[in-house]
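This report refers to the structure that appears directly beneath it.
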Amino acid sequence: MASTSTEGALEPRPAHRRRDRNNGRPPKRKITKPKLSSDGLDRLIQVEVIPRLVAAHSVPGNADDAQHISQDEADAFGSLPVKLEANELLTEVEVFLTRGVSPESIFVDLLAPSARKLGELWEEDSADFVEVTMGLWRLQEVMREIALRTPSIAGRIFAPRSALIASMPGEQHSFGTVMVEECFSRAGWDTELLANSNEQILADKLGEQVFDLVGLTISCDYHIQPLPNLIRTLRNSSKNADVQIMIGGRVPNENPGLAEVVGADGTAANARTAIEVADELVAEFAPDGAFSS
């Protein structure tokens with residue numbers, strides 16, 4: 001397959017960042033299309049298109065009153081990212097927001113299934129690699145725009161917890177990792193994101209700053225072997241002796257019991273339980289006074 005040779009790769013998020021907690025609604029941005037490079041395409045094709053670990057937390061309130069996305073609606077939306085530009089895709093998503101569907105539900109019940117659908121289209125040869133790559137970029141831009149427009153969830157049972165969310169060193173694709181970080185943040189966690197990092201960068205970050213939790217997304221089988229050593233290194237480097245380490249993604253989902261084998265504290269098989277598991281893990285080591293009244 002011939003690859004595109006243009007200047008610049010997909011524009012990633014910065015390697016690490018502190019989230020902006022501004023609750024104001026910013027003006028609507030115009031979403032522009034990125035340029036693709038052969039290097040960017042080659043990196044993406046070598047890893048799983050869709051990491052499966054995505055997480056979200058329900059908006060506080062009466063669940064019976066919440067608006068939901070039906071399976072038919074999710075199915076109809078699934079392949080749109082390969083057909084519509086990012087601004088057009090955002091217009092489709094705005095219909096759900098107007099109806100009262102929560103951003104968290106949009107992330108987990110609409111965007112994540114759509115990302116998986118793009119992976120299926122690629123495997124079935126129903127869409128070429130450039131179409132799938134651009135579709136993933138459009139989904140990520142929509143997610144970022146929604147996150148900027150809507151305030152994070154407030155009022156947690158516990159005092160704020162901190163999480164470092166990262167892709168496994170050596171993995172280049174970060175859609176799932178970005179979504180995990182966004183959902184943890186919206187659930188009230190104080191988060192930082194590390195994408196395209198290495199073992200030393202992760203260890204240095206944990207040595208510089210106290211985190212309650214580290215979340216690693218893993219989508220490539222060849223990353224299983226170095227995982228135990230990486231987890232030991234992270235624990236030894238951490239300023240928090242009780243740091244909890246979770247793993248998620250295609251590899252843990254397809255290998256039950258992997259978390260225990262590699263020395264991680266937990267994993268989540270689906271999006272709905274990831275933050276609940278993290279809450280439980282951190283709560284076990286919460287100091288006195290961590291509960292808010």
Side-chain angles (χ1 to χ4, degrees), residues 12-13 15-16 43-55 112 119 161-181 183-184 189-286:
R13 272 180 151 176
H16 56 82
R43 285 197 301 269
L44 284 171
I45 202 169
Q46 293 173 9
V47 299
E48 290 294 323
V49 177
I50 308 300
R52 294 183 184 178
L53 178 65
V54 292
R161 293 102 176 270
S162 57
L164 179 64
I165 308 297
S167 303
M168 182 73 181
E171 298 200 15
Q172 301 299 322
H173 183 59
S174 60
F175 178 82
T177 310
V178 170
M179 183 174 286
V180 169
E181 186 270 344
C183 290
F184 264 75
W189 287 69
D190 187 12
T191 62
E192 282 203 35
L193 173 72
L194 279 176
N196 302 326
S197 63
N198 57 43
E199 181 175 317
Q200 190 60 54
I201 292 175
L202 283 169
D204 288 346
K205 175 58 67 174
L206 287 169
E208 295 166 359
Q209 189 172 338
V210 174
F211 290 96
D212 298 307
L213 179 84
V214 177
L216 293 172
T217 59
I218 308 150
S219 60
C220 299
D221 292 329
Y222 57 80
H223 284 147
I224 294 177
Q225 184 174 358
L227 193 52
N229 286 335
L230 174 63
I231 290 176
R232 283 193 293 269
T233 297
L234 298 183
R235 291 195 193 281
N236 292 336
S237 303
S238 176
K239 293 184 72 174
N240 177 9
D242 293 322
V243 66
Q244 301 298 292
I245 298 179
M246 285 186 66
I247 60 173
R250 184 191 67 81
V251 171
N253 285 347
E254 294 184 358
N255 293 272
L258 181 63
E260 182 177 358
V261 171
V262 300
D265 297 297
T267 185
N270 59 69
R272 296 295 181 194
T273 60
I275 292 177
E276 294 176 10
V277 171
D279 279 340
E280 292 174 1
L281 287 173
V282 173
E284 292 182 12
F285 295 92

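This structure is a prediction, so every number in the text was calculated from the model and none was measured. Heads up: numbering here begins at 1 and tracks the sequence.
- Looking at His223, its side chain never comes within 3.5 Å of a backbone N or O of Met168 through a donor-acceptor pair.
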Does Asp279 form a side-chain contact (heavy atoms from CB on, under 4.5 Å) with Trp189? I'd like the steps, not just the answer. CA-CA 10 Å; Asp279 279 340; Trp189 287 69; 3.4 Å; yes
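- Scanning both residues, Ala203 and Ser237, for their nearest heavy atoms gives CB-OG, 3.4 Å.
- Although no hydrogens or angles enter the test, the distance criterion places a donor-acceptor pair under 3.5 Å between the side chain of Asn198 and the main chain of Ile201.
- With hydrogens and angles disregarded, no donor-acceptor distance shorter than 3.5 Å links the side chain of Thr177 to the backbone of Ala166.
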Show your working on side-chain contact (heavy atoms from CB on, under 4.5 Å) between Arg250 and Asp221 and close with a plain yes or no. CA-CA 9 Å; Arg250 184 191 67 81; Asp221 292 329; 2.7 Å; yes
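- Here the side chain of Ser238 pairs no donor or acceptor atom with the backbone of Leu234 at under 3.5 angstrom.
- Taken to the nearest 0.5 Å, the CZ atom of Arg161 stands 11.0 Å off from the CD1 atom of Ile275.
- Using a cut-off of 4.0 Å between Lys/Arg side-chain N and Asp/Glu carboxylate O, Arg235 and Asp265 are scored as salt-bridged.
- In terms of the side-chain hydrogen bond (donor to acceptor under 3.5 Å, both in side chains) criterion, Asn240 has no residue partners (sequence neighbours excluded).
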Step by step, would you call Glu192 with Lys205 a side-chain contact (heavy atoms from CB on, under 4.5 Å)? CA-CA 10 Å; Glu192 282 203 35; Lys205 175 58 67 174; 3.5 Å; yes
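- Here the closest non-hydrogen pair linking Ser197 and Ser167 is OG-O, 4.4 Å.
- With Gln244 contributing its side chain and Asp242 its backbone, the two residues share a donor-acceptor pair below 3.5 Å.
- Screening Leu213, Thr267, Val214, Leu216 for a side chain to side chain contact (heavy atoms under 4.5 Å, CB included) with Met246, the sole residue that qualifies is Leu213.
- Expressed to the nearest 0.5 Å, how far OG1 of Thr191 lies from CD of Glu181 amounts to 3.5 Å.
- Here the shortest heavy-atom pairing between Phe184 and Ala163 reads CD2-CB, 4.4 Å.
- Remark: Asp204 pairs with no residue by the salt bridge (Lys or Arg N to Asp or Glu O under 4.0 Å) rule, at least two apart or across chains.
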Let me see the working for Val262 and Ile247 under side-chain contact (heavy atoms from CB on, under 4.5 Å), right down to the final yes or no. CA-CA 10 Å; Val262 300; Ile247 60 173; 4.1 Å; yes
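- For Pro169 against Leu202, the heavy-atom pair with the smallest separation is CG-CD1, 3.7 Å.
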